[in-house]
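We're numbering straight along the sequence, starting at 1. Please read these numbers as outputs of a predicted model, since none were measured by experiment.
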Amino acid sequence: MKFSMIFEAQLVDPTPARERQVIHDCVEQAVLAEEMGFDRIWAVEHHSLVRYAHMSASEIFLTWVAARTERIRIGHGVVTLPFGYQHPVRVAERTAMLDVLSGGRVDIGAGRGATRQEMRMFGVRPEDTLPQTEEALRILAAAWREEEFRWNGTLDIGPGTVLPRPVQAPHPPLFMACSQHDSLRRAAELGIGALVMGFSGAEDVAAMRRVYDAARAARDGSRFVSTEVNDHFSALCPTIVLDDAARALRLGTRGQRFFAESIAHWYGGGPVPSGYAEDEDHTGALAEQREKLVARLHEADIPARPVDTGTYNTDHAYGDASTAIAYVERLREIGVDEVMCLIQMGTVPQEVCLETIRQWGERVIPSFRAGTRGDARP
């Protein structure tokens, strides 16, 4: 089992000064993650989603981290691939350059960037996001595999060579962000790894694992985007770990409440989230919000799904190290290949993020290691 961290660069009450501090805080956390034995970091790519994600130029963030580390893998989780956001050849070039500079440590995930806000910023049409993301994945894999590359599809490209060539042959491992069962099936059919949301808890992660495995068993290879198949299954694990388990639960659920309300704001038109006092009942507030959402969906004759309600579930690795170990054990039994820790939620203080990383490195991760950390490449 591998262990990673994902960064959104979230913050409450954003100002330019606070924004700069949060981004530097994320770098500090990533550098400490290598020291503490984590295998990988992931950085999202989002645009204009104030408070929820200020990680817009993740290729630069990851390059900065790569320059300050030696071993930890550097993951795009994800790159927005519809053509309005960026041309696939530029993604291929930037990724290969980072692979060279990092010594072959790059992983790249695909995402649609399908919020209305992001699509408006780049002139992307909703109906183009799925087909263009898949086509971009095929373009990337072909551009890296072939020394002289040509593509005739929605885009006409080449002939030409994408430079530099990546260190990893034939190319860095490919992944896809998966929040619904359809996207899990698509990732399996395309032969790429799954980065799944784990807010709904271990039982839903188990259901997603079954969907992914069933799609892998049924596929015939006709839709693979590359000759290199990656079946790696990574699940999100919201976590705050402190010696004071009660405070870890309060801070973790407060951070998750901010995260949930930020998603509801940008993906569903909900109100702007706020910070809240540490000693509020955030678990109760999340449960109440979930009940209200289920009621609204019921009134609209829409079944409540984990993808809609999962961010309101607080059964995660919030507590002391023993709590986190027990939760990771549940994920291990499910067959999760990688536990992707979400620590940097908007209201969590930097010193708590750093202490959580230390607790994972000193007490949680060693419980699942067979004496050596080894290479984290899937």
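Between the side chains of Glu288 and Tyr312, no donor-acceptor pair is found at a separation under 3.5 Å. Counted by atom type alone, Gln180 and Ser183 present zero donor-acceptor pairs between their side chains at under 3.5 Å. In this model, no donor atom of one side chain and acceptor atom of the other lie less than 3.5 Å apart for Arg105 and Gln168. In this structure, a donor-acceptor pair under 3.5 Å is absent between the side chains of Glu118 and His47.
Shortest non-hydrogen contact noted between Pro173 and Arg73 is CD-NH2, 3.8 Å. Between Glu45 and Ser56, the closest heavy-atom pair is CG-O, 3.5 Å. In plain terms, the two heavy atoms of Ala53 and Val44 that are nearest each other are CB-CG2, 4.4 Å. Listed here is the closest heavy atom pair of Arg254 and Gly275: CD-O, 3.6 Å.
With Gln117 contributing its side chain and Leu49 its backbone, the two residues share no donor-acceptor pair below 3.5 Å. With hydrogens and angles disregarded, no donor-acceptor distance shorter than 3.5 Å links the side chain of Glu278 to the backbone of Arg250. With hydrogens and angles disregarded, a donor-acceptor distance shorter than 3.5 Å links the side chain of Thr356 to the backbone of Val241. In this structure, Asp39 contributes its side chain and Lys2 its backbone to no donor-acceptor pair below 3.5 Å. At least one donor-acceptor pair under 3.5 Å links the side chain of Gln132 to the backbone N or O of Phe83. No donor-acceptor pair under 3.5 Å is formed between the side chain of Ser58 and the backbone N or O of Phe61. A donor-acceptor contact shorter than 3.5 Å links the side chain of Glu135 to the backbone of Thr154. Side-chain atoms of Glu8 never come within 3.5 Å of backbone atoms of Met345 as a donor-acceptor pair (strictly under, hydrogens ignored). Looking at Asn230, its side chain does come within 3.5 Å of a backbone N or O of Leu174 through a donor-acceptor pair. Without hydrogens or angle criteria, Ser226 side chain to Glu228 main chain gives a donor-acceptor distance under 3.5 Å.
We find the CE-CD1 distance between Met5 and Ile343 to be 4.0 Å, quoted to the nearest 0.5 Å. The CG atom of Asp320 sits 14.5 Å away from atom CZ of Arg247, with the distance rounded to the nearest 0.5 Å. How far NE2 of His316 is from CD1 of Ile240: 12.0 Å, rounded to the nearest 0.5 Å. Of the inter-residue distances, the one linking Ile108 atom CD1 with Leu140 atom CG reads 5.5 Å to the nearest 0.5 angstrom. Atom OG1 of Thr239 and atom CH2 of Trp360 lie 5.0 Å apart (nearest 0.5 Å). Between Ile357 atom CD1 and Glu362 atom CD the span is 11.5 Å, to the nearest 0.5 Å.
Using a cut-off of 4.0 Å between Lys/Arg side-chain N and Asp/Glu carboxylate O, Arg219 and Asp231 are scored as salt-bridged. A salt bridge links Arg40 with Glu338: the closest approach of a Lys/Arg side-chain nitrogen to an acidic carboxylate oxygen falls below 4.0 angstrom. For the pair Arg186 and Glu189, the salt-bridge criterion is not met [side-chain N within less than 4.0 Å of a carboxylate O]. A salt bridge links Arg358 with Glu355: the distance from a Lys NZ or Arg NE/NH1/NH2 to an Asp or Glu carboxylate oxygen falls below 4.0 Å. Residues Asp243 and Arg363 are paired through a salt bridge, judged by an N-O separation under 4.0 Å between the basic side chain and the carboxylate. In this structure, Arg138 pairs ionically with Glu134, as a charged nitrogen and a carboxylate oxygen lie closer than 4.0 Å. A salt bridge links Arg209 to Asp213: one of the charged nitrogens lies within less than 4.0 Å of a carboxylate oxygen. Of the charged side-chain nitrogens involved, none lies within less than 4.0 Å of a carboxylate oxygen, so that Arg332 and Asp337 do not count as a salt-bridged pair.
Within 6.0 Å of atom CH2 in Trp151, more than 12 heavy atoms from other residues, nucleotides or ligands are found, so the atom counts as buried in its surroundings. Other residues, nucleotides and ligands contribute at most 12 non-hydrogen atoms within 6.0 Å of the CZ atom of Arg116. At most 12 non-hydrogen atoms from other residues, nucleotides or ligands lie less than 6.0 angstrom from NE2 of His24. Few gaps surround CD on Glu351; more than 12 heavy atoms of other groups in view lie less than 6.0 Å from it. The number of heavy atoms from other shown groups lying within 6.0 Å of CD (Glu329) is above 12. Remark: Glu70 CD is loosely packed, at most 12 non-hydrogen atoms of other residues, nucleotides or ligands lying under 6.0 Å away.
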Show, in sequence, the C-alpha distance, side-chain angles and deciding distance for Gln21 and Gln350, and conclude whether the side-chain hydrogen bond (donor to acceptor under 3.5 Å, both in side chains) test is met. CA-CA 10 Å; Gln21 186 61 56; Gln350 174 70 349; over 6 Å; no
Please determine whether salt bridge (charged side-chain N to carboxylate O under 4.0 Å, His left out) holds for the pair Arg90 and Glu93, giving the CA-CA distance in whole Å, both sets of side-chain angles, and the decisive distance to 0.1 Å. CA-CA 5 Å; Arg90 284 296 290 140; Glu93 291 172 337; 2.9 Å; yes
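Ring centers of His265 and Tyr52: at least 6.0 Å apart, outside the cut-off. Remark: aromatic rings of Tyr212 and Phe233 are close, center separation under 6.0 Å. Less than 6.0 angstrom separates the ring centroid of Phe259 from the ring centroid of Phe199.
At a threshold of 4.5 Å between side-chain heavy atoms, the hydrophobic network of Ile, Leu, Val, Met, Phe, Trp and Tyr places Ile74 and Val100 in two separate groups.
Residues Thr95 and Pro172 form a side-chain contact, since some pair of their non-hydrogen atoms from C-beta on lies under 4.5 Å apart. Considering only heavy atoms from C-beta on, Arg51 comes within 4.5 Å of Pro273 through its side chain.
Geometrically, Arg257 engages Tyr276 in a cation-pi contact, judged by NZ or CZ lying under 6.0 Å from the ring centre and within 45° of the ring axis.
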